Amino acid sequence: MIALVDCNNFYVSCERVFAPKLRNRPVVVLSNNDGCVIARSEEAKALGIKMGTPYFQIDEFAETEKIAVFSSNYTLYGDMSSRVMELLTYFAPETEIYSIDEAFLNLDDDRDIGKLSESGHLIKEKLKKWTGIPVSIGIGPNKTLAKIANRRAKKANLGVFEMTHEAIQCEVLDQTPIGDVWGIGYNSAKKLNALGIKTALQLKQMDRRWARKLLSVVGARIVEELNGKACLPLELVPPPKKSITCSRSFGILTGDFEHLKEALDNYLVKCGEKMRRQKLTARAVTVFLTTNRFSKHPQYSNSLTIELANATNSTRELRDWTRKALVQIYKKDFLYKKVGVILQGLQPEQRETFRLYNQANYEKDKRLMQSLDKISQRFGRNAIAFGVRKSEKAWQMRAERKSNCYTTCLKEVLQIK
DNA sequence: TCTGGGGTCCTAGGACCC
DNA sequence: TCTGGGGTCCTAGGACCC
């Protein structure tokens, strides 16, 4: 049996832990650049605010309804997430961290099969007590059914919902619209609806070969899982990353090459740190840039991938390539909204081979990176930087309503006056 | 004024090989 | 009229997830 533990309105819940006044009040958290609504408290949902709504469309409404609005604070959410995840392994050693706010737990240990719900309630209660984060738990014979059980737990406000018996499974599946099944997105739902398949129960009863033809093996697996078979194993060890991306929309539109270069350098630094933390090297790097797709100004977007002769995780080395790429795809007379960098062809550092040329230089670079990483880790990312970085970052994204990093920065811990 | 960011997997089709 | 059979690798695009 599998349990899916999912934090309720996670980002909102994180904000509430440190601002108890927000309980029972409508709260929303915005995406980067204060763009769209990406988390809503129950009260905010009740006011009709939809997921993904651009904030500028509801800012006045938010004010009249006294909705608390936050910029996203990923430092806080990431730290709260690791606390929750670590505690989960205490209840079930075999867990898969599926996303920032979800984990699958293997309940097939010495637990009494008749007491799974009880077990779920205990986890829920302890997590709330230890982290302040409310969770919902769905239990089922595989991931897909655990997901559906979780949705029921949330929707019916049960906290924990168990779907171990087939009769209950069928009853719930009958009430589950097709689009709410994990893996059935907008397009597949449309296809299925057109064929008269509207509920998860109907999908469960669908002919396997037909499902395979219509929705490829992904769909075929979903049908199997709805029938109780487990096709998707728990991933206890996270598989190594295949690519690492960093990109941001700017707070302003800009045609200034220097802005783009500065932003790109910054994003590359983040990518580089992430790559080295995972002990990886890159064999290719892509730079992309794009104008604002919503504006009436002329549109342009382009990208360029450079294959490297030698795998590297030196930010200095990569930066030479990303800058060259940017020069090639940059066109003046456009107003840009976003640039980004993608590291690809990632492979473990141990697989690096000696270089025919300049091995000594590369090793110097490696030592430099190690020192930089240590300094950044200890004194913050802004303590040291490549080249000259203007303190005034004209392109920096908006984040006008960000809360403190209560759990990761001493200067920002909660003060009780 | 204003519309996020970071990923993975699958398939079809082309290119190429013997 | 008529054009095999079996295979690999790569890529673009689509779909999906949070």
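Sequence lines set the chain letters: A, B, ... in the order given, protein chains first and strands last, and positions in each chain run from 1. This is a predicted model, so every value here is computed, not measured.
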For this session: Just call it for A/Ser72: base, sugar-phosphate, or nothing, with non-hydrogen atoms closer than 4.0 Å on any strand.
Result: nothing

Exercise. How is A/Tyr98 classified with respect to the nucleic acid when contacts are heavy atoms under 4.0 Å: base, sugar-phosphate, or nothing?
Worked result: sugar-phosphate

Exercise. Across the strands shown, which category fits A/Lys270 at heavy-atom distances under 4.0 angstrom: base, sugar-phosphate, nothing?
Worked result: nothing

For this session: Using a heavy-atom cut-off of under 4.0 Å over every strand shown, decide if A/Thr53 touches base, sugar-phosphate, or nothing.
Result: nothing

Exercise. For residues 182-231 of chain A, which residue pairs qualify under ring pair (Phe, Tyr, Trp, His ring centres under 6.0 Å), counting only residues two or more places apart or in two chains?
Worked result: A/Tyr98-A/Trp182, A/Phe104-A/Trp182

Exercise. With a 4.0 Å cut-off on heavy atoms, is A/Ile184 in touch with a base, just the backbone sugar-phosphate, or nothing at all?
Worked result: sugar-phosphate

Exercise. What nucleic acid atoms does A/Gln57 come within less than 4.0 Å of, heavy atoms only: base, sugar-phosphate, or nothing?
Worked result: nothing

Exercise. Mapping A/Glu235 and A/Phe250 onto DNA chain B by nearest heavy atom, which one lands closer to the 5' end?
Worked result: A/Phe250

Seminar exercise, completed: Note: chain A reaches DNA chain B at heavy-atom distances under 4.0 Å over the stretch, first to last nt, 5' to 3', of B/dC2 to B/dT11

Problem set entry | Audit row: A/Thr281, A/Arg351, side chain to side chain donor-acceptor pair (under 3.5 Å) steps and yes/no | CA-CA 9 Å; A/Thr281 58; A/Arg351 290 228 324 247; over 6 Å; no

For this session: Quick one: label A/Asp101 by what it contacts on the DNA or RNA (base, sugar-phosphate, nothing), any heavy atom closer than 4.0 Å.
Result: sugar-phosphate

Problem set entry | Derivation and outcome, side chain to side chain contact (heavy atoms under 4.5 Å, CB included), residues A/Met1 and A/Leu116 | CA-CA 9 Å; A/Met1 284 293 161; A/Leu116 292 178; 3.7 Å; yes

Exercise. With a 4.0 Å cut-off on heavy atoms, is A/Lys274 in touch with a base, just the backbone sugar-phosphate, or nothing at all?
Worked result: sugar-phosphate

For this session: Tell me what A/Ile244 touches on the nucleic acid: a base, only sugar-phosphate, or nothing, going by heavy atoms under 4.0 Å.
Result: sugar-phosphate

Seminar exercise, completed: Checking A/Asn9, A/Asp6, A/Ile137 against A/Lys154 for side chain to side chain contact (heavy atoms under 4.5 Å, CB included), the one that qualifies is A/Asp6

Exercise. So do A/Asp79 and A/Tyr406 actually touch side chain to side chain, heavy atoms under 4.5 Å?
Worked result: no

For this session: Give the minimum heavy-atom separation between A/Leu372 and A/Ile384, together with the two atoms involved.
Result: CD2-CD1, 3.7 Å

For this session: Using the side-chain hydrogen bond (donor to acceptor under 3.5 Å, both in side chains) rule, pick out the option among A/Thr286, A/Thr305, A/Thr245 that qualifies with A/Gln344.
Result: A/Thr286

For this session: Check every strand shown and say whether A/Val37 touches a base, only sugar-phosphate, or nothing at a heavy-atom separation below 4.0 Å.
Result: nothing

